[in-house]
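All values below come from the heavy atoms of this structure, side chains included, with hydrogens, waters and symmetry mates left out. The model shown is predicted, which means the values in this text are computed figures rather than measured ones. The chain is numbered in sequence order, starting from 1. As the structure lists them, so they are numbered: ligands from 1, and atoms in each ligand from 1.
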Amino acid sequence: MTTASDILKQIKDNDVKFVDIRFTDPRGKMQHVTMDVAVVDEDMFADGIMFDGSSIAGWKAINESDMVLMPDTETVHTDPFFAQSTLAIMCDVLDPITGEPYDRDPRSTSKKAEAYVNASGIGDTIYVGPEAEFFVFDDVRFSVDPYDTGFKLDSSELPSNTGSEYEVGNLGHRPRTKGGYFPVPPVDSAQDMRSEMLTVMAEMGVTVEKHHHEVAAAQHELGLMFDTMTRNADKMQIYKYVVHQVANAYGKTATFMPKPVYGDNGTGMHVHQSIWKDGKPTFAGDEYAGLSESCLYYIGGIIKHAKALNAFTNPSTNSYKRLIPGFEAPVLLAYSARNRSASCRIPFGNSPKSKRVEVRFPDPTANPYLAFSAMLMAGVDGIKNKIHPGDAMDKDLYDLPPEELKDIPTVSASLREALAALEADYEFLTAGGVFLQDQIEAYIDLKMEEVIRFEHTPHPVEFDMYYSY
Ligand code: GLN
Ligand code: MG
Ligand code: MG
């Protein structure tokens, strides 16, 4: 337990100058406002900090814009990136009139989801272990693009080996397409940068167990330790922040975009999940792969609601360029202990404590609070309604003949499809008042803007395909 007075003492003892107040918007971007320590006192921790929420995409209208940021004292950590000594703290967003969590605050949704599962008697502890991959590219600023997106749109025009490994001259030591997993340096040229990411995260209270190059050229992964759901959503926000910041300090740029390079592996955020009760793992049992019946039902719920879940777990138009066969990303809604082409994998492990489901379709453009909560609600819906997922699929799903493929459902094929699926299937999310209908509608509107912008913009590939007809 960390209390307000512990933090005030820490500020004094370490001569801290600023307290950075942080929260996450519906799209998943961490936002901040910085308080001078002169105004940081017991009252600030008790009453919160007023702020104008009207300019946050997807939040309140201008006429009802004041909101309260309520610091969660358990989340306090140092931010080592600033010249002046700074503490950072995650906040819930509250309605100033009622003092209740603001309906569209993702972190509050995650806490409500945990409380709902607790109250249902299904379990008291939700463990989540996200594995977010990312690419690191040289920070080459491209010439202005005609659509004013700020980015070069056609990745096929990038050097064939884009990224931290890109050098001119002798190009011998570098990973080829799908060749990054995982030769020692100098083929892997980002060792020091990844090590520094781990060191900085440890300083910020985030335990990362390992790091490695990933399969694609210039792709990496750091192994975040599992933790309880809302805490690990907080830590995923710190993870992304540190990856961006350290890459930047190395003169590079990091991206969590799911498919930045055509023809190579994309970027996933597999999410390992389990529910415990009274100190015992409820997902261990005598069924397939040492799972319990309750875990099978959880998988059944994930599979049943997957197309709607995709709106939260794969919330970018680019997400669906990753969910195609041949790149270790799932397409089919099946489960298996043996292959990585299934949407739900049961990682090998004999110990009941290690029993968990790895959901493989999410990617790190997801808002972690909303994505974890939505998957939990789908799984719990499966448990409550005893939704059996059918038999496991132990074949390589990329190689199935068409007659076997035709009966297996798939993930959504586009953000548009995922949003339509969510519109038609959201009651599992609003159970117990965890998600609010208004919140889901606002989220769909926000994301539809991205779909429309993307669909209405002429794409460089279209010039390549159609220009000269
Ligand atoms: N990059 C793959 C994905 O898109 C995963 C590769 C791996 O971690 N084995 O999900
Ligand atoms: Mg990986
Ligand atoms: Mg994995």
Side-chain angles (χ1 to χ4, degrees), residues 127-137 155 162-163 175-183 188 190 194 197-198 208-226 232 236 239-240 243 254-274 289 299 302 306 309-310 313-349 354-366 368 371-372 375 396-398 410-413:
Y127 286 119
V128 162
E131 306 180 295
E133 299 166 334
F134 56 92
F135 280 75
V136 176
F137 297 132
S155 55
T162 319
R176 307 291 162 186
T177 299
K178 290 196 185 187
Y181 195 80
F182 30 36
D188 173 3
R194 291 196 309 266
M197 289 167 176
L198 260 66
V208 185
E209 295 175 321
K210 61 182 172 196
H211 68 73
H212 61 86
H213 205 289
E214 253 299 345
V215 170
Q219 191 186 31
H220 309 275
E221 183 176 322
L222 317 177
L224 185 65
M225 207 182 137
F226 75 94
N232 239 4
M236 184 44 61
Y239 177 111
K240 291 172 81 171
V243 165
T255 181
F256 289 93
M257 224 174 122
K259 192 78 175 187
V261 180
Y262 172 77
D264 211 338
N265 267 30
T267 282
M269 180 178 70
H270 306 165
V271 183
H272 296 250
Q273 312 174 26
S274 65
I299 294 171
I302 297 274
L309 285 176
N310 290 146
T313 56
N314 306 81
S316 70
T317 56
N318 185 252
S319 296
Y320 300 87
K321 296 179 175 169
R322 164 178 169 257
L323 297 175
I324 58 174
F327 297 96
E328 293 183 81
V331 180
L332 299 178
L333 295 170
Y335 72 102
S336 170
R338 300 206 214 302
N339 73 67
R340 288 177 151 74
S341 49
S343 285
C344 295
R345 188 175 74 93
I346 319 306
F348 179 77
S354 71
K355 283 300 159 201
R356 60 192 190 274
V357 185
E358 178 192 37
V359 182
R360 292 177 64 86
F361 49 73
D363 70 59
T365 48
F372 299 168
M375 287 189 281
D396 184 341
L397 301 176
Y398 296 154
T410 62
V411 294
S412 289

Ignoring hydrogens and angles, tell me if any N or O in the side chain of Glu214 forms a donor-acceptor pair with the backbone of Gly180 under 3.5 Å.
no

Are any non-hydrogen side-chain atoms of Phe226 and His272 less than 4.5 angstrom apart?
no

Test your reading of the structure: does Ala329 have an N or O sitting under 3.5 Å from an N or O of ligand 1?
no

Here the N/O/S atom of Glu358 closest to the Mg ion (ligand 3) would be OE2

Residue pair Gln219 / Asp264, side-chain heavy-atom distance below 4.5 Å:
no

Steps toward side-chain contact (heavy atoms from CB on, under 4.5 Å) verdict (Asp188, Arg194)
CA-CA 11 Å; Asp188 173 3; Arg194 291 196 309 266; 2.7 Å; yes

Decide side-chain contact (heavy atoms from CB on, under 4.5 Å) for Met375 and Val128; before the verdict, give the C-alpha distance in whole Å, the side-chain angles of both, and the deciding distance to 0.1 Å.
CA-CA 11 Å; Met375 287 189 281; Val128 162; over 6 Å; no

Can you pull out the closest protein heavy atom to atom 9 (N) of ligand 1? Residue, atom name and distance to 0.1 Å, please.
Glu328 OE1, 2.9 Å

For a quick test of your reading: what N or O donor-acceptor pairs under 3.5 Å do the side chains of residues 322-332 make, sequence neighbours left out?
from, atom 1, to, atom 2, distance (Å)
Arg322, NE, Thr267, O, 3.4
Arg322, NH1, Phe361, O, 2.8
Arg322, NH1, Pro362, O, 3.3
Arg322, NH2, Arg360, O, 2.9
Glu328, OE2, Asn265, ND2, 3.1

Everything protein-side that's N, O or S and under 2.8 Å from the Mg ion (ligand 2): list it, residue and atom.
Glu133 OE2, Glu214 OE2, Glu221 OE1

Is there a side-chain contact (heavy atoms from CB on, under 4.5 Å) between Met269 and Met236? Walk through the geometry before answering.
CA-CA 10 Å; Met269 180 178 70; Met236 184 44 61; 4.2 Å; yes

Check whether any side-chain heavy atom of Ser274 lies under 4.5 Å from a side-chain heavy atom of Lys355, and answer yes or no.
no

Going by the 4.0 angstrom heavy-atom rule, the piece of His270 near ligand 1 is side chain

Which residue and atom name correspond to the protein heavy atom nearest atom 6 (C) of ligand 1, and how close is it?
Glu133 OE2, 3.5 Å

Does ligand 1 have any atom sitting under 4.0 Å from a heavy atom of Asn265?
yes

Take Val411 and Leu333, measure what side-chain contact (heavy atoms from CB on, under 4.5 Å) needs, and give me the verdict at the end.
CA-CA 6 Å; Val411 294; Leu333 295 170; 3.7 Å; yes

Main chain of Ala132, side chain of Lys240: is a donor-acceptor contact present, judged purely on distance under 3.5 Å?
no

Arg360, any N or O under 3.5 Å of ligand 1 N or O
no

Atom 4 (O) of ligand 1 [closest protein heavy-atom partner, distance rounded to 0.1 Å]:
Arg322 NE, 2.7 Å

